[in-house]
Amino acid sequence: VLNDVVLPSSLIEIGSSAFKGCIGLNEIVLPSSLTEIKSNTFEGCQNLETVILPNSLEIIGEKAFYDTGIKQIVIPSNVTQIGDYAFANNVFMNKLTFESPTSLTETGAYAFSGCSMLSSLEIPEGVTHISQSSFSGCLNISELSLPSTLVSIGENAFRQALNMKS
């Protein structure tokens, strides 16, 4: 059973579905050289709790971390793209942090949908678009801070954020 993985420092991208369904995987160390995580890379790694994204990372592919056990994630400031469903259905994720200043201008559709344990959310300055259903099903968001740079919020972006107060 694959539990912990340390990737080589020379690695710049991880291919689609490379670790998909590795349910025993609980920790992965990503190298500081990594610039892209392709689609479905860690999808279904339900015991994967610890991931530290390197500052070099620019692209997080569609469903890259879909349905994992991640509890906390920090999106590095160099990330320019978060794919559709990238972190969706991470029901144990209770903390999401975007480093500032951010290079990200738009969240992918359904990017964080179903992250039902998130209670607060601060979208950083620089983000201009929140895509369709990006945070739908994040049932416990009670605090939301939006940037002054925001120009559009997509359909159902915060649908079922039942505890939203401010």
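It should be emphasised that the depicted structure is a prediction, and the values quoted were computed from it without experimental measurement.
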Side chain [X], main chain [Y], donor-acceptor under 3.5 Å:
| X | Y | answer |
| --- | --- | --- |
| Asp84 | Ala109 | yes |
| Ser33 | Leu11 | yes |
| Glu125 | Ser148 | yes |
| Thr80 | Glu58 | yes |
| Thr149 | Thr128 | no |
| Ser145 | Glu122 | no |
| Ser56 | Ser32 | yes |

Got a sec: does the CD1 of Ile23 have more than 12 other heavy atoms crowding it under 6.0 Å?
no
Within the structure provided, determine whether [X] and [Y] are in side-chain contact (heavy-atom separation under 4.5 Å).
| X | Y | value |
| --- | --- | --- |
| Phe112 | Leu121 | no |
| Val29 | Ile52 | no |
| Glu99 | Asn55 | yes |
| Phe19 | Ile14 | yes |
| Leu144 | Phe135 | no |
| Leu96 | Phe87 | no |
| Leu7 | Leu34 | no |
| Leu53 | Val79 | no |

In Å and rounded to the nearest 0.5 Å, what is the [atom1] to [atom2] distance from [X] to [Y]?
| X | Y | atom1 | atom2 | value |
| --- | --- | --- | --- | --- |
| Leu118 | Asn94 | CG | CG | 7.5 Å |
| Ile130 | Ser152 | CD1 | OG | 8.0 Å |
| Leu57 | Ile82 | CG | CD1 | 9.0 Å |
| Gln72 | Met93 | CD | CE | 9.5 Å |
| Phe158 | Ile153 | CZ | CD1 | 5.5 Å |
| Thr68 | Phe92 | OG1 | CZ | 10.0 Å |

Quick one: do [X] and [Y] end up in the same hydrophobic cluster if we chain Ile, Leu, Val, Met, Phe, Trp and Tyr together by side-chain heavy atoms under 4.5 Å apart?
| X | Y | result |
| --- | --- | --- |
| Tyr66 | Leu30 | no |
| Leu139 | Met117 | no |
| Ile141 | Ile75 | yes |
| Val51 | Tyr85 | no |
| Ile28 | Val74 | no |

What's the shortest heavy-atom distance between [X] and [Y], and which atoms?
| X | Y | result |
| --- | --- | --- |
| Gly61 | Ala86 | O-CB, 3.7 Å |
| Ser77 | Pro101 | CB-O, 2.8 Å |
| Ser134 | Thr107 | OG-OG1, 2.7 Å |
| Pro54 | Pro76 | O-CG, 3.3 Å |
| Ser133 | Ser113 | O-CB, 3.6 Å |
| Ala111 | Gly83 | CB-O, 4.0 Å |

With a 3.5 Å cut-off and no angle check, do the side chains of Glu106 and Ser131 form a donor-acceptor pair?
yes
Could you walk me through whether Ser16 and Ser39 pass the side-chain hydrogen bond (donor to acceptor under 3.5 Å, both in side chains) check?
CA-CA 5 Å; Ser16 297; Ser39 62; 3.1 Å; yes
Gln46: which of Asp67, Asn90, Asn26 passes side chain to side chain donor-acceptor pair (under 3.5 Å)
Asp67
Would you sort out whether Phe42 and Leu25 count as a side chain to side chain contact (heavy atoms under 4.5 Å, CB included), showing the intermediate values?
CA-CA 9 Å; Phe42 298 101; Leu25 185 63; 4.1 Å; yes
